[in-house]
Amino acid sequence: MPIRRKGVLVPGATGALGAALALRLHEQGVAVAVAGRDRSGLARVSRACGDAPARAFDAYDLEQCARTVTWAAGELGGLDGVVVCVGSSAFGPAESVGDAVAEHLFTVNALAPMAFLRAALPVVEPGGVIAAITGVVVDSPQAGMADYSASKAGLSTWLRAVRREQRRSGVTVLEIRLPHVETGFAGRAVLGTPPALPTGLPVAEAVDAIVAGLSARARLVKPGRDAPLDIER
Ligand SMILES: NC(=O)c1ccc[n+]([C@@H]2O[C@H](COP(=O)([O-])OP(=O)(O)OC[C@H]3O[C@@H](n4cnc5c(N)ncnc54)[C@H](OP(=O)(O)O)[C@@H]3O)[C@@H](O)[C@H]2O)c1
């Protein structure tokens with residue numbers, strides 16, 4: 001696996017997907033550094049990952065996001081990858097979503113992941129990877145989720161442009177464009193209530209695909225025709 005030499009930083013490791021990903025990487029022998037907002041959740045995931053280095057951050061502090069990358073490279077003796085699993089949702093028609101909520105979504109879902117990955121670009125080892133979770137709303141923006149959809153689309157566009165910039169650098173840019181996953185994410189929305197959703201993918205299946213994408217140096221994980229998730233190189 002190209003991420004085995006030094007290790008991987010997982011910002012958002014206190015969330016359902018981030019914690020499961022950090023643990024899976026740890027179980028596969030990859031050194032991980034974990035970062036999250038909730039300090040007790042962070043201590044839990046660090047312990048589960050063999051007392052992995054852990055650091056708290058808030059997505060609103062973009063400089064702190066960038067500094068967390070430098071910190072992780074110091075802790076792990078370098079960085080093979082950064083996989084941003086941070087995110088926040090809100091529901092309701094656009095006219096019911098105030099500017100403060102819109103700013104929140106764009107900060108947590110776009111600016112903070114960009115700050116982590118921007119800082120990672122000069123730091124990750126040749127052959128390394130930068131990655132973030134977007135969502136299927138990038139392809140199919142949903143009514144009642146205009147601001148969430150737009151924030152994820154912004155991150156997706158940024159990742160695609162950076163991939164072009166990095167063509168000759170040997171750094172892989174992976175976008176993880178997930179469908180609904182059973183994490184309870186929508187229930188933690190900062191505004192509104194989610195529509196009735198069909199049963200989502202199990203967390204383990206999403207993590208399988210993310211790890212496969214990292215191992216294959218893929219550029220995209222997304223819903224497939226024949227499988228719930230496809231890996232595109
Ligand atoms: N679950 C789905 O159906 C689904 C589908 C498509 C895409 N996604 C994306 O997958 C990613 C992970 O979501 P999840 O399902 O694992 O949900 P989750 O368990 O709610 O995880 C969200 C993560 O974001 C962090 N976060 C939120 N606001 C933050 C802030 N202001 N500062 C720092 N960290 C903050 C949370 O940190 P704390 O726990 O420390 O507060 C947590 O680690 C998100 O980007 C989400 O948009 C999820």
Side-chain angles (χ1 to χ4, degrees), residues 1-59 61-87 112-133 159 162-163 166 169-176 178 203-204 206-219 221 231 233:
M1 213 188 297
I3 49 178
R4 267 187 199 290
R5 286 163 296 191
K6 304 287 187 186
V8 173
L9 167 66
V10 183
T14 45
L17 285 166
L21 175 65
L23 188 57
R24 178 76 65 84
L25 291 172
H26 167 70
E27 286 167 352
Q28 295 193 354
V30 177
V32 289
V34 293
R37 178 177 54 173
D38 170 46
R39 285 174 191 271
S40 58
L42 190 56
R44 234 182 349 261
V45 72
S46 162
R47 263 195 314 276
C49 295
D51 289 324
R55 182 161 158 130
F57 74 94
D58 194 291
D61 187 340
L62 300 177
E63 280 177 21
Q64 194 184 35
C65 296
R67 281 198 304 274
T68 301
V69 173
T70 322
W71 160 83
E75 292 289 327
L76 299 175
L79 263 186
D80 295 316
V82 178
V83 186
V84 183
C85 298
V86 175
M114 287 158 56
F116 275 109
L117 299 182
R118 197 190 307 282
L121 284 169
V123 172
V124 289
E125 304 284 320
V129 54
I130 64 162
I133 305 179
L159 291 169
V162 172
R163 184 177 302 122
Q166 295 296 315
S169 73
V171 173
T172 300
V173 179
L174 170 63
E175 178 182 352
I176 304 158
L178 292 182
V203 170
V207 170
D208 287 344
I210 298 171
V211 173
L214 292 170
S215 304
R217 308 194 60 194
R219 62 187 183 91
V221 172
I231 313 294
R233 295 193 53 148

Item to check | Nearest-0.5 Å distance that lies between atom CZ in Arg67 and atom CG in Asp61 | outcome: 5.5 Å

Next on the checklist: Give me the atom names and distance for the closest heavy-atom approach of Ala131 to Ile176.
Outcome noted: CB-CD1, 4.2 Å

Item to check | Side chain to side chain, Val162 and Leu117, heavy atoms closer than 4.5 Å | outcome: no

Next on the checklist: To the closest 0.5 Å, what do you measure between CG (Asp38) and CZ (Arg44)?
Outcome noted: 6.5 Å

Checklist entry - Which heavy atom of Leu17 sits nearest a heavy atom of Ala206, and at what distance? => result CD2-CB, 3.9 Å

Checklist entry - When rounded to the nearest 0.5 angstrom, what distance separates CH2 in Trp71 from CG in Leu76? => result 7.5 Å

Item to check | Pairwise side-chain contact, Arg24 with Asp208, heavy-atom cut-off 4.5 Å (strictly under) | outcome: yes

Kindly list each side-chain donor-acceptor pair under 3.5 angstrom involving residues 51-59, sequence neighbours excluded, with atom names and distances?
residue, atom, partner, partner atom, Å
Asp58, OD1, Tyr60, N, 2.9

Checklist entry - Do the non-hydrogen side-chain atoms of Val129 and Val124 ever get within less than 4.5 Å of each other? => result no

Checklist entry - Does Arg217 use its side chain to pair, donor to acceptor, with the backbone of Gly170 at less than 3.5 Å? => result yes

Checklist entry - Is a donor on one side and an acceptor on the other found under 3.5 Å between the side chain of Ser215 and the backbone of Val211? => result yes

Item to check | Sub-4.5 Å side-chain heavy-atom contact between Thr70 and Val123 | outcome: no

Checklist outcome for this item: Tightest non-hydrogen contact, residues Ile231 and Ala216, listed as CG2-CB, 4.5 Å

Checklist entry - Side chains of Leu21 and Cys85: closer than 4.5 Å at any heavy-atom pair? => result yes

Next on the checklist: I need the minimum non-hydrogen distance between Leu79 and Leu9, along with the two atoms involved.
Outcome noted: CD2-N, 3.8 Å

Checklist entry - Once you round to the nearest 0.5 Å, how far does OG of Ser46 lie from NE2 of His26? => result 10.0 Å

Next on the checklist: According to salt bridge (charged side-chain N to carboxylate O under 4.0 Å, His left out), who are the partners of Arg163, at least two apart in sequence or on a separate chain?
Outcome noted: none

Next on the checklist: If I compare all heavy atoms of Gly213 with all of Leu174, which pair ends up nearest, and what's the gap?
Outcome noted: C-CD2, 4.1 Å

Item to check | Within-4.5 Å side-chain heavy-atom neighbours: Val34 and Leu42 | outcome: yes

Next on the checklist: Using every non-hydrogen atom in the two residues, find where Gly36 and Thr14 come nearest and quote the distance to one decimal.
Outcome noted: CA-OG1, 3.8 Å

Next on the checklist: Quick check for you: to the nearest 0.5 Å, what is the distance between Ile130 atom CD1 and Asp80 atom CG?
Outcome noted: 14.0 Å

